[in-house]
Amino acid sequence: MRAILAIAVFCAGLTLSAATAWAHHSFAAEFDATKPVTLTGTLTRMEWVNPHGWLYIDVKEPDGKVTNWAVEAGAPNALLRRGLRKADFPIGTEVVVTGYRAKSGGPTANGQNVSFKDGRNFFLGAADAPTPEPK
Amino acid sequence: MRLFLAALTLVMATTPATAQWLDRKTPGIPRKADGTANLAAPAPRGADGKPDFTGVWNAPAPAARPDLTDLQPWVRDLAAQRQQEYHKTRPFYQCLPSGPEAEKFGGWRRVLQTPAAIAILTDDLTYRMIHMDGRKLEADPAPSWMGYSVGRWEGDTLVVDSNGFNDKTWTSRYGVSHTEALKTTERYRRTDFGHLQVEVTYTDPKAYTKPWSFNVTMRLAVDTEMLESVCERSSEHWEGSLTESSKGSVTVPPDVLARYVGVYSGVYGGNKRTIDVSLSGGQLVAKIAGGADVEGGLGAAGLDTEGARPLIPRSQTQFEGLGLGYEFIVDAKGVATDLVEIHISGPYKFSRQR
């Protein structure tokens, strides 16, 4: 777990060059850091909107009820810069999200980590930045 | 190093070969023997002999914080009030044009230059026209979002004067207002092929006690393209305020808080960031050193860079501070080993140094 986190931090460092003007805003204006949530479900829709993309996933509750969760993720332009396209996120794909619930209490969350069942994680530290200038 | 390679492999592995125009080679630029762009080559010139700024540029978000003493009291008060509400009303967060806001000198832009006019196109679909035909700024222009601009050459430096801004935009993301009396002066110098230095000065006697300015160096973005980035989700639904978030906090015993006191460091936004956590009046406070000007919820730190942010307990290990989440990772004895800063884009881990 430690190693994974270390890699995560490294990736973030790689991706987030200083040469960017990404649109981050206050986490606390929308989400509650004391309400961590892990969601496993299937992708129903993906919105490639700025400044943050949104994924919608159907999550089956223990009682069998299905809830459609909205998950805020990274900048879609960062995905495009990595050569990813809509076709890389087929509807019905199984997705695992760890993050925090919205202050509103509804089925909305911030995706701190969004990965596919096969382990691929496209959203990590996503910002629309070119590769950093060599130092 | 191994982790670095592992991380690199992870990034590479998720990059398909089809990247369309984003990896198309920019034509007509000087290249080194290995094919990479020679950004240190001399700046190009147009047919008129003037430096030519045409190209796609990218810049880091500039560090634009006026001295509090440069601001009239009403501007200071309004900035403090806006900080309280997480800068929810910032035009950019409301999906409105950013006008002359300093931060928009960072990010992506495409410059198209002709002898008569220079166009600056930005990824939020706003544009500016800098007229080079000798016209003068009007004395009483109709207020607009992006203002009116005229340029002239002083040697190889392009000097741009602008006025005619409405008073709905900000000059800094830290909530700094301006009035319709605002005038800006930009000085652009392409020091070599790959770099464009800009100095921007804001003059507004109705808002500032004296002009204030910032610098930013744009870098030529080669072998890639600018992508549009249109804001579609406004800040309308944001909730709460800093004052509110400091109320109703849970209680953490002093001996537990003491185990979190320390210096943590890591990387955020490509810059090293150090977080100094200390106890003040029985409360944990964090001071950020380095990388503090990189955007990322840090706008909530406001204009006072030296200010310590109180960490309000939400549980025994979780805290909230100026708009971000904080979680201490502890060892078996409850002593903090790491501090995780929680942003919308994900967690950023800072390891304890002492």
Side-chain angles (χ1 to χ4, degrees), chain A residues 3 5-34 47 49-52 54 72-77 80-85 88 100 103-104 110-113 120-130 132-133, chain B residues 3-4 6-8 10-11 14-19 22 58-61 86-88 92-93 103-104 106-108 219 221 224 227 229-233 235 237-240 245 266-267 269-271 294-297 299-300 314-315 318 320 323-325 327 342-349:
Chain A
L5 197 54
I7 289 170
V9 171
F10 259 115
C11 278
L14 279 176
T15 318
L16 300 173
S17 85
T20 181
W22 64 81
H24 287 197
H25 47 249
S26 281
F27 175 87
E30 293 182 87
F31 301 102
D32 187 339
T34 62
E47 282 185 347
V49 299
N50 286 291
H52 294 275
W54 286 79
E72 185 167 21
N77 282 357
L80 294 173
R81 288 198 182 282
R82 291 186 213 160
L84 295 161
R85 295 293 179 268
D88 295 304
Y100 297 95
K103 280 182 159 178
S104 65
N110 162 246
Q112 294 275 300
N113 243 302
R120 288 181 300 162
N121 180 347
F122 297 123
F123 289 90
L124 200 59
D128 181 15
E133 186 153 15
Chain B
L3 279 176
F4 179 83
L8 199 64
L10 202 74
V11 170
T14 56
T15 308
T18 53
L22 291 175
N58 189 282
Y86 306 115
H87 301 121
K88 179 179 175 172
F92 181 68
Y93 294 151
E103 201 204 13
K104 293 309 277 185
W108 296 86
R219 184 184 172 223
T224 188
L227 293 168
S229 180
V230 177
C231 175
E232 293 182 52
R233 291 270 187 148
S235 52
H237 62 287
W238 290 11
E239 295 176 34
S245 76
V267 174
N271 293 334
V294 177
E295 177 68 283
R314 289 279 175 263
S315 76
Q318 295 166 315
E320 192 178 305
L324 296 175
E327 177 156 17
I342 300 163
H343 292 251
I344 286 185
S345 63
Y348 295 85
K349 191 176 161 190

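A note on names: the letters A, B, ... follow the listed sequences, proteins ahead of strands, and every chain is numbered from 1.
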Nearest 0.5 Å, what's the CG-CG distance between A:Asn77 and B:Leu227?
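With rounding to 0.5 Å, CG (A:Asn77) is 4.5 Å from CG (B:Leu227).
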Of B:Lys88, B:Gln318, B:Glu320, B:Arg233, the largest count of non-hydrogen pairs under 4.5 angstrom with chain A goes to B:Arg233
Using non-hydrogen atoms and a 4.5 Å limit, figure out which bit of B:Glu232 sits close to chain A: side chain, backbone, both or neither.
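Its backbone and side chain both get close to chain A.
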Ignoring hydrogens, what is the shortest heavy-atom contact between [X] and [Y]? Give both atom names and the distance.
{"X": "B:Gly325", "Y": "A:Phe27", "answer": "N-CD2, 4.1 Å"}
{"X": "A:Gln112", "Y": "B:His343", "answer": "NE2-O, 2.5 Å"}
{"X": "A:Ala33", "Y": "B:Ile342", "answer": "CB-CD1, 4.3 Å"}

